[in-house]
Number of protein chains: 2
Amino acid sequence: MMKNDTDKIVTLSKIKVACQSCNLYELCLPLGLHGEDLDQLEKIIKRAHPLKKNESPFQQGDKFQSIYAIRSGSVKTYTIADDGSEQITGFYLPGELVGLDAISDDCHPCTAKALETTSYCEIPYTALEQLSGELPSLRHQLLKIMSKEITHDANLLMLLGKKAADERLASLLLSLSSRLKNRGFSATEFHLSMSRNDIANYLGLAVETVSRLFTRFQDQGLIQVEGKFVQIIKLEELKAMTKECTCENPKMA
Amino acid sequence: MMKNDTDKIVTLSKIKVACQSCNLYELCLPLGLHGEDLDQLEKIIKRAHPLKKNESPFQQGDKFQSIYAIRSGSVKTYTIADDGSEQITGFYLPGELVGLDAISDDCHPCTAKALETTSYCEIPYTALEQLSGELPSLRHQLLKIMSKEITHDANLLMLLGKKAADERLASLLLSLSSRLKNRGFSATEFHLSMSRNDIANYLGLAVETVSRLFTRFQDQGLIQVEGKFVQIIKLEELKAMTKECTCENPKMA
DNA sequence: CGACTTTTTGATCCGATTCAATACGCGTGG
DNA sequence: CCACGCGTATTGAATCGGATCAAAAAGTCG
C-alpha cells in the first residue's frame, strides 16, 4: 500500500524498474510466471509514460501492435459509430488487459481513453504470441484471460439484454467491487473514475436514470454515495437484486 | 453441396473420416493448417454422433474438457439463473467453435443445446492447448478466433445496450446472414433454426415484439418471412437501420 | 469569482411489455 | 385422412418503465 498514491507520480527511473520488482507484477498480467519465464516476459514488455486523463494509448482503427496491461488508474474503451455517437464497451482496472479484441482483425476496434492518470505496460503482441509458444504457463494464462473476457462479455450481454435499469447499475457496482477486491483493494468502498455519463452510456441508460438510481439506492440504504465515492452498505441485497429480478420466463422448465 | 443434407445421416464409417477428407474442414476450425500440422490436429479431434434436436453436448456446470466445432446444424448456448429463467448467450452455426468461454474457470458457464440435428467435432482442450505450443499457425488462429468472439460480444453489447427493438432484430438477421455467407451459404435466404421465443430471449425482447417486428419488416418490404424461412430483400436498408439509428449522444465530440 | 460542465430533480411522452385472445403448425391417434 | 390438442406465432388493447425535455443545483477550472 506504500504506493497506491505515490504510484501516480512516476519518475523515469521508477518506470524502468523491472517486472520482478514491480509491486504490481502479480496483479498486472497475472500470468503465474516464475524465474526464467518471467525474465523472458520482461524482455518483451515496454514500460510507457503514464497517461494523463483523457489520453489514449490507441485509437479505433489503429494497427494492432500491443496489448496493454493497466498498472494503476483506469481506462474506458469505446467505439464510435458512423454518426459520431460513442458506445462504451468496457472499463479496465489495474491488473487487467486492454486490447485483446484487436487480435482478430489486426486493428483496434475501439479507442481506449484514460479516465484518470493511468500507468500501464505495453506488451508487443507478436512477441507475446511467439513467447507463448515456448512457455506453456504463459500460453495457458493468456487463453484463460481471453476466455474470461468472453465470459464477462456474455454476462454483460445478459445484463443488458433483459435486466431492468436498477439491476444494471447493481451489476456494475458489484462487478467493480469484486474486481477491485481481487486486486487487493476494498470491495466496499471505492472511487468511480468514470462519469455518470459514462456509466449511463455503458449500461445503455439515460444519465438521468443513472442519477436517479444512485439516489434511490442510497435512500434504500443499499449504498452511500458522495459524488464519485461509493460505499456499498448492503452487498448481499445488491447481489440478490441482480439475481432474482429475472421476472421473466418463469415458465420454461 | 453433395452433403449438406446427406450429412445429417451419418454412419459410423462416415464419422471416422479424417479432417483431410472432411468437406467442412476448411469451414470448421478455419485454422489455416496444412500438411503435417493438420495431421497432428486430426489426431486429437474426436468425431461424435450427431446431436438430435434439443440434445446437449455439455451442460452448465460440467467440467470443461473440450471445445466443440459445429459441422452442420446449429446450437444455442444459454445460462440458467437461480430462479430458473434462461438467457440465451449465443447461436452457433457451422464452422463455429462452442465452449471457448469455459477455459477460464475450467467449467462450462452455459449449456449448449442443438436447435436441429447437428453434427460436430469434439476437440479435447488440453491437447489443443499443448499442440498450439508446437504449431505457431494453430496458436495464432486460436487466439484470433477467441479475439473475434470478444469483438462479437462487444458489438452485441452495444446492440443490446442502446438499440431499439427493430435495430436489434435487424442486427441479428444481418449477423446470421454474414456468417452464413462466410461459410458459403446464401446471405439472403436462410432458415431460422431458432424459435421466435429464442430470438426474443437472445435480443432481450418480448416474443410479441419480435413477432410484430417480423411483420413490420415484411410490410416495409425489407424481408420476406414464411415461418422459419427468411429472405432478405433490402440488405442495405437493414444495414442502414442498425447504423444510423444511434439517435443518442450526438453531442460529444 | 464567473463560465462551463456535470449531476440532480421534476413533468411529460413514447416504446416495449404485459395481459388477453385468436390463429397457425404439427404430431398423435381415432 | 381428418379431428383433436398442444405448443408456437400473431394480433389487439392497456399499462409501465425509462427516455426525453426542461431547468435548477453542484462541481470544476481558468
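Naming: A, B, ... by sequence-line order, numbering from 1 per chain. Values in this document were obtained by computation on a predicted structure and should not be read as measured data.
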I need the [atom1]-[atom2] distance between [X] and [N], as an integer number of Å.
X: B:Asn197; N: C:dT18; atom1: CG; atom2: P; value: 12 Å
X: B:Leu169; N: D:dT10; atom1: CG; atom2: P; value: 11 Å
X: A:Phe229; N: D:dA26; atom1: CZ; atom2: C1'; value: 17 Å
X: A:Glu208; N: D:dA26; atom1: CD; atom2: C1'; value: 16 Å
X: A:Leu213; N: C:dT9; atom1: CG; atom2: C1'; value: 14 Å
X: A:Asn201; N: D:dA19; atom1: CG; atom2: P; value: 12 Å
X: B:Ile199; N: D:dT8; atom1: CD1; atom2: P; value: 13 Å
X: B:Asp219; N: D:dT11; atom1: CG; atom2: P; value: 8 Å

Among the nucleotides [options], which one has an atom lying closest to any side-chain atom of [X]?
X: A:Ala164; options: D:dG18, C:dA16, D:dA9; value: D:dG18
X: B:Ser211; options: D:dG18, D:dT10, C:dA16; value: D:dT10
X: A:Ala206; options: D:dT11, C:dA16, D:dA19; value: D:dA19
X: B:Val207; options: C:dT7, D:dA22, D:dT10; value: D:dT10

| request: Could you check A:Glu226 against B:Val210 and say which one's nearest nucleotide on DNA chain D is further toward the 5' end? | output: B:Val210

| field | A:Lys53 vs B:Arg196, nearer the 5' end of DNA chain D by closest nucleotide | value |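 Mapping each residue to its closest nucleotide by heavy atoms, the 5'-most match is B:Arg196.
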
| query | Less than 4.0 Å between a side-chain N and a carboxylate O, is that true for B:Glu96 and B:Arg183? | reply |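 Salt bridge flag = yes for B:Glu96 with B:Arg183.
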
| field | Minimal non-hydrogen separation, A:Phe91 against A:Asp198, with atom names | value |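 Looking at all heavy atoms of both residues, the closest pair is CZ-O, 3.9 Å.
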
| message | Can you say whether a donor on the side chain of A:Arg212 sits under 3.5 Å from an acceptor on the base of D:dG17, or the other way round? | response | no

| said: Let's go through B:Asp101 and A:Lys148 carefully: what are the C-alpha distance in whole Å and the side-chain angles of both, what is the deciding distance for salt bridge (charged side-chain N to carboxylate O under 4.0 Å, His left out) to 0.1 Å, and is it a yes or a no? | reply: CA-CA 7 Å; B:Asp101 52 0; A:Lys148 191 169 221 79; over 6 Å; no

| query | Which word best sums up how the rings of A:Phe64 and A:His108 line up, parallel for under 30°, tilted for 30 to 60°, or perpendicular for over 60°? | reply |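 Judged by the thresholds at 30° and 60°, the geometry between A:Phe64 and A:His108 is perpendicular.
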
| query | Within the structure, does a side-chain N or O atom of A:Lys228 lie under 4.0 Å from either OP1 or OP2 of C:dT7? | reply |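 Answer is yes, contact under 4.0 Å.
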
| message | With a cut-off of less than 4.0 Å, is there a side-chain N or O of A:Thr209 near OP1 or OP2 of D:dA19? | response | yes

| query | Under 6.0 Å between the ring centres of B:Tyr78 and B:Tyr202? | reply | no

